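Basis for what follows: all heavy atoms, side chains included, without hydrogens, waters or symmetry-related copies. Chain letters run A, B, ... following the sequence lines, proteins first, then strands; residues in each count from 1. Since the model is a prediction, treat every value here as computed from it, not as a measurement.
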Amino acid sequence: MSEVELNAPQAQAVAHRSGPLLVFAGAGSGKTRVITYRIANLVAQERVPAHRILAVTFTNKAAREMRERLEGLLGEELARRLWVGTFHSLGAKLLRLHGSSIGLKSDFAIYDGTDQKALVARILKDLKVDDKRFPAKVILGQIGQHKQKNVNPDDVNADSAHLEVFVEVWRNYEARMRAANALDFEDILLRSGELLDAELKLGVVGVRERFDHVLVDEFQDTNGTQYRWLKGLAQFHTNLCVVGDDDQSIYGWRGADVRNIQSFRRDHPDAEVVKLEQNYRSTGHIVEAALAIVSKTAVREPKKLWTENEPGEPIHVVDLADERAEAAFALRCIREAIEEGASPKDFAVFYRIHAQSRVLEEALRTARIAYKVVGGMRFYERSEIKDAIAYLRLALNPASDVDFLRVVNVPTRGIGQTTVERLAERAKRLGKPLFQVIDGLEEESSIAAAARKKLEAFRSLVHGLQRSLVQDTPSGFVDRVLEETGYRKALEKEDSVEADGRLENLEELRSALLDFERECELRSEPATMAGWLENAALHSEADAVVGESVCLMTVHAAKGLEFPYVVLTGMEEELFPYRGLDPGERDELDEERRLAYVAITRARERLVCTHVRTRQLFGQTRVGVESRFLRELPKHTVERLRVDAYGRVVAAAAPARAYASSAAGSERRVDTSYFDDVPAEEGGLRPGSFVRHGTFGLGRIRSLERRGQEIAAQVEFKGLGVKTIYARFLVAEE
DNA sequence: TGCCACGCCCTTTTT
DNA sequence: GGGCGTGGCA
């Protein structure tokens, strides 16, 4: 597809001038192009002032990419005036500018999930609520759900003891957030929504009038609050353009509501609807396979993804002994492709859950192939970084109890649990933040003089930091914090591998601040600690560029990405589709199906799907049954391979006739070409070697023979005599 | 107060 | 398998 040419539906979406627009954008259909072209078109052709266009994404990465593209189309100057960002960064920006009209101080802090959890845990303790019956995680989940439905604690009909407790905890949570001048992620949207209402009531020209066009990417991922937020912003002009794909809705479990697409239609009956169904990314087989799987979802907007691309190679479905064989096989695929001239970065290995990554990592590490695990522990979630940030926030706002509690005894300075407990009682009694009630502690008979001295020393420490806050640069300030709190010294003293890692991370934090300072200088803005903290709260890991490495990631993390070669592992029932402990009442199978659709459509040229007979997971051995999703793949798009415990192909099912004829003439790699060097007959099993069978257990091979496509083995099982077993039912025992 | 052993429980995750 | 919280002990 040339860079300027748009197909008819794309052009239609781009040229749509005003009023509501709903774009269904299938995987690989050029969605990003449409949205960026549309914005560019509004600015360049329709003469909409750039600063009156608001474009919303879910992740900072997506926002950055969109901005970069727009810079390319419009030039830096114009692109910079556009409002491009995540729901939360844009919401926070509006609140910092206009929040005073709803009584919000502009220097509010933003609490992330960890902060929230710490706060709830604290409240449970203070209210003496059993955290077994009311786990902080569950409470937070419920608070979030209610907030998403725009429900207040007052609205909850607390008709059970259980609910009563919940509501009380929730009220406390809100009160303490207010006292700490903090907002959680949901609050950012709720409060900026309130702002709109307040302005409407006051009749002031405000946020609503700021924008002429609102555009939303990944609309299927919006939750209730986000949808209401959008509606509020676009209520007057209804120039609301939403782009999404219900087939890629994979975040239902965290509140995303695909039904917002239906709500959009209901709320805007006049909306123009455009469907982008042509895929430009993948081979014909891949597109066909993906569509076959997602078509079976119970509820979905009718769409038919298609492509003009060549059918390409068949999708390889590989049957393996266990997860180690699976890893070895993935490794072989990667090596083969690298020998052919591919780069490691062309490869991605997907899995359903993180726990699957370990074995894959081991295989790649041993083979000295550069890899990167996407996701996992995020930088700002590491404890040392959170500690440092807690100090920074405490210096800015000593009323923040969550931060106080986090670092009051880090590194240990003899302020134990009992002392903190008593201080908390005093704070509760006086209705003041913890930090403040260190003042006048001598009147507190329950707190010993020694403990009081330590608390007072801590108070001086924080006061000292507050004073330097004014004069230091942010990076200098972090340095000072690490020094004066003794944090760095404590880690140096520990002198362990972990401590070294933490010191490195803190160094990384400092360089992040240096970057921030440099950036501010470029924009001739003052580099303040508060400014950076906002940045840190809203940005997760600086989505490091992946470089020359093979990417390992969950299927969720893969959304929005594409790779020439993909290995999709763990395609077994119970694992993918995943079955948790409780069967789950939501249409989880549908979401798993969409997840499989996302996984498959990431691959451009070559897709290998693996499944295993047995898998060690969570310390248990599970018996694997091939995933229904693989069985649903159209036969002619698939070629099945069977591989032994050593990663060698034992047998390849004959390519389906339909495929062989349809692909005639087109250049392609054929079936077992990964393994030309391996005589299939051997299959890793040889007379004398030990094997395991699902029913008969451990046995020893007496002889092997070929029977058509199959290898049959004479196996002697202890106490059971000799049996003839097809090799595919045997697992080599080491 | 700090360390360690033990048991528990286990999806997916952005802001 | 392993991260995390708890509870017992030095």
Side-chain angles (χ1 to χ4, degrees), chain A residues 56-63 85-92 110-117 121 131-132 135-137 141 144 148 183-189 217-218 221-223 225-226 229 249-256 323 350-359 361-362 374-378 380-381 383 409-420 450-451 454 490 494 498 534-541 543 553-560 570 574-582 584 586 588 591-592 594-596 598-599 615-622:
Chain A
V56 195
T57 63
F58 270 84
T59 65
N60 291 296
K61 190 169 162 234
T86 62
F87 279 97
H88 296 90
S89 69
L90 294 169
I110 297 168
Y111 277 14
D112 70 7
T114 322
D115 301 321
Q116 287 177 284
K117 210 168 140 208
D131 61 359
K132 286 273 178 331
K137 217 174 120 187
Q148 277 176 29
L183 300 183
D184 63 29
F185 288 126
E186 212 65 37
D187 289 333
I188 292 175
L189 301 183
D217 194 15
E218 305 280 14
D221 289 339
T222 50
N223 67 26
T225 314
Q226 287 158 341
W229 189 84
S249 164
I250 56 172
Y251 286 112
W253 52 273
R254 69 173 192 210
E323 73 279 4
F350 297 159
Y351 35 79
R352 177 67 242 273
I353 62 174
H354 286 299
Q356 291 169 254
S357 78
R358 213 194 76 249
V359 185
E361 287 186 66
E362 274 165 17
V374 178
M377 183 64 123
R378 286 167 189 287
Y380 289 108
E381 277 162 19
S383 66
N409 199 31
V410 179
T412 51
R413 46 175 76 90
I415 301 173
Q417 219 179 335
T418 330
T419 307
V420 172
K454 286 172 187 158
E494 203 180 301
E498 291 83 20
E534 159 122 9
N535 196 52
L538 289 175
H539 290 64
S540 64
E541 190 161 19
D543 326 25
M553 68 187 92
T554 62
V555 178
H556 281 91
K559 188 164 155 233
E574 312 278 286
L575 185 57
F576 199 172
Y578 189 85
R579 271 297 139 76
L581 297 173
D582 47 345
R586 273 190 314 119
E588 278 177 358
E591 191 150 308
E592 295 292 317
R594 294 189 291 261
L595 198 51
V598 168
R615 179 181 297 278
Q616 291 270 3
L617 204 63
F618 302 133
Q620 278 184 329
T621 305
R622 297 186 180 192

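Between A/Arg594 and A/Glu591, at least one side-chain N (NZ, or NE/NH1/NH2) sits under 4.0 Å from a carboxylate O, which counts as a salt bridge.
For the C1' atoms, the distance linking B/dT12 with C/dG5 amounts to 23 Å, nearest Å. Of the P atoms belonging to B/dT13 and C/dC4, the separation is 16 Å, rounded to the nearest Å.
Base-pairing analysis of DNA chain B finds the following stems of at least three consecutive Watson-Crick or G-U pairs, with both pairing distances under 3.5 Å: B:1-10 with C:1-10.
Summarising the geometry, the separation between CG on A/Asp115 and C1' on B/dT15 is reported as 12 Å, rounded to the nearest angstrom. Note: CZ (A/Arg413) to P (B/dG2) measures 11 Å, nearest angstrom. Regarding A/Glu186, its CD atom lies at a distance of 12 Å from the C1' atom of B/dT14, rounded to whole Å. Residue A/Asp221 contributes atom CG, which lies 17 Å from atom P of B/dT12 at whole-angstrom precision. Atom CZ in A/Arg358 sits roughly 15 Å away from atom C1' in B/dC10 (whole-Å rounding). Going from atom CZ of A/Phe58 over to atom P of B/dT12 covers 20 Å, rounded to whole Å. Rounded to an integer number of Å, the gap from A/Arg622 CZ to B/dC10 P is 11 Å. In this entry the distance linking CZ of A/Phe185 with C1' of B/dT13 reads 11 Å, nearest Å.
Closest heavy-atom contact between A/Asp221 and A/Ala256: O-CB, 3.4 Å.
Put simply, A/Thr554 has no side-chain N or O that comes within less than 4.0 Å of OP1 or OP2 on B/dT11. Dashed line: the shortest gap from a side-chain N or O of A/His354 to OP1 or OP2 of B/dT13 is under 4.0 Å. Between A/Thr86 and B/dT14, a side-chain N or O to OP1/OP2 separation shorter than 4.0 Å is absent. Contact annotation: A/Asn60 does not reach the phosphate of B/dT14 (side-chain N/O to OP1 or OP2, under 4.0 Å).
For A/Arg352, the salt bridge (Lys or Arg N to Asp or Glu O under 4.0 Å) partners at least two apart in sequence or on another chain are A/Glu592.
Between A/Val56 and A/Gln226 the shortest side-chain heavy-atom distance does not fall below 4.5 Å.
Looking at heavy-atom distances under 4.0 Å, A/Gly414 makes contact with sugar-phosphate atoms alone, never a base. The residue A/Ile415 sits close only to the backbone: its heavy atoms come under 4.0 Å of sugar-phosphate atoms, none of a base.
Using cut-offs of 30° and 60° for the angle between ring planes, the A/Trp253 and A/His556 rings count as perpendicular.
Taking the O4'-C1'-N9-C4 or O4'-C1'-N1-C2 dihedral as appropriate, B/dT11 has a value within 90° of 0 and is therefore syn.
Looking at A/Arg352, its side chain has no donor and acceptor atom pair within 3.5 Å of the base of B/dT11.
Judged by closest nucleotide on DNA chain B, A/Thr419 is the one of A/Leu595 and A/Thr419 placed further toward the 5' end.
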Show your working on side-chain contact (heavy atoms from CB on, under 4.5 Å) between A/Leu595 and A/Phe576 and close with a plain yes or no. CA-CA 9 Å; A/Leu595 198 51; A/Phe576 199 172; 4.0 Å; yes
Does A/Tyr351 form a side-chain contact (heavy atoms from CB on, under 4.5 Å) with A/Thr554? I'd like the steps, not just the answer. CA-CA 5 Å; A/Tyr351 35 79; A/Thr554 62; 3.8 Å; yes
Output, in order, the C-alpha distance, side-chain angles, deciding distance and verdict of side-chain contact (heavy atoms from CB on, under 4.5 Å) for A/Phe87 and A/Asn223. CA-CA 11 Å; A/Phe87 279 97; A/Asn223 67 26; over 6 Å; no
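The listed nucleotides are C/dG2, B/dT11, B/dT15; the one nearest the side chain of A/Phe618 is B/dT11.
The aromatic ring of A/Trp253 sits over the base of B/dT12, with ring centres less than 5.5 Å apart and planes tilted by under 30°.
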